[in-house]
Amino acid sequence: MIQKIDELLTIVNSTVINDSDELEQFRLRFLSKKGELNKLFAEFKNVPPEQKREFGQKLNLLKNAAQEKFDIAQNSLSAHTAQGLNVDVSLPGMPLVLGSKHPLTIVKNQIIDIFSNIGFTVAEGPEIEDDWHVFSALNFPLEHPARDMQDTFFIESNPDIVLRTHTSSVQVRVMETTPMPVRSVFPGRVFRNEAISARAHCIFHQVEGLYIDENVSFADLKQTLLYFAKEMFGASTQIRLRPSYFPFTEPSAEMDISCSICGGKGCNVCKHSGWVEILGCGMVDPNVLKSSNIDSAKYTGFAFGMGVERIAMLKYQIKDIRLFFENDLRFLEQFKSVF
Ligand code: DAH
């Protein structure tokens, strides 16, 4: 019997009461009418007289310990409630809301990864640029429409300063400052004075590529872009180069990929042609090399430029470019699992 009191005392002392349910369970077990203490008090009359004293002392000890434990727990729980902190520490925690990468960041990083796997480094340049780096050094004739007020955001007080209209400006900065050879990509934000619609925005993103070395040929350009297209859109992707014109490349081309949505059979996205345009490219014009003091007799190179929004829209079948800039969580959260 005395041993039983000792056991109960150990239990009382080691019990942890976290909330009102546990407090009530404790009360029922020890302090209620049918609880352990009352049972033991009822046993008192059956205890042999020589043990009564020790039994009584130990039982009182147990009673006090149980009552004290109950009082302290009750006080601290009601103090929490009184302060408005009805804390039940046994409840599961509040979930941590994790952010996720923006789809444009995901696609930009993917483009960078694909090119860095074949030895391209990454460089960046300023968004606010001078005319030289955006236009003049890239062989833009003075009357070229891209210089027009309609396309370019100029700084009113100084028309020599513009918001860059393409990341090709970073080519110039890199050619001016880096010893040859160069093999780099230049991701960044660009600005054009355009009406905002589902297909166009005045702010968007590009990744520019530049490879200059001895004996770089159009075949190198084609192979590099084929590799990129297959990595980005899947191994069965085909490419098609159409002759085009850019002031800074000669020859120039625009590259189409076989439509990643219909596999080339024809659908709305490819306007039933089976092909979608994704970038501009070409061999760096010798005039551009000369502008940056590169020996165009020794070095040749290729360049390309692509729109990140365009690639993301194709990859994820997004029909409206404005979604990228609205920061609507219902849109952004769909990319949580992408990586
Ligand atoms: N800068 C061009 C644009 O914004 C894209 C471009 C075309 C970049 C051809 C290049 C290139 O490097 O070779 O439309």
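Ligands are counted one by one from 1 in listed order, and the atoms in each one are counted from 1 as well. The first residue in the sequence is number 1, and the count goes up from there. Note that the structure is predicted; figures quoted are calculated from it, not measured.
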Which residues share a ring pair (Phe, Tyr, Trp, His ring centres under 6.0 Å) with His272, sequence neighbours left out: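 Per chain and number, His272 pairs via ring pair (Phe, Tyr, Trp, His ring centres under 6.0 Å) with no residue.
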
For residues 274-289, tabulate all N or O donor-acceptor pairs below 3.5 Å that involve a side-chain atom, not counting sequence neighbours.
unit_1	atom_1	unit_2	atom_2	d
Asp285	OD1	Asn287	N	2.9

Qualifying side-chain hydrogen bond (donor to acceptor under 3.5 Å, both in side chains) pairs, either residue in residues 223-236, two or more places apart: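 Residue pairs with at least one partner in residues 223-236: there are none.
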
Sub-6.0 Å ring centroid separation between Phe115 and Phe228: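 Here the rings of Phe228 and Phe115 have centres that are less than 6.0 Å from each other.
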
Check: Tyr316 ring centre within less than 6.0 Å of Phe335 ring centre: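 Yes, the ring of Tyr316 comes within the 6.0 Å limit of the ring of Phe335, centre to centre.
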
Under 4.0 Å from ligand 1, counting heavy atoms only: the protein residues, by chain and number: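 Residue list for ligand 1: His166, Ser168, Gln171, Arg192, Gln206, Glu208, Phe246, Phe248, Thr249, Gly280, Cys281, Gly282, Ala303, Phe304, Gly305.
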
Heavy-atom donor-acceptor pair, Lys271 side chain to Asn268 backbone, under 3.5 Å: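 A pair under 3.5 Å: no.
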
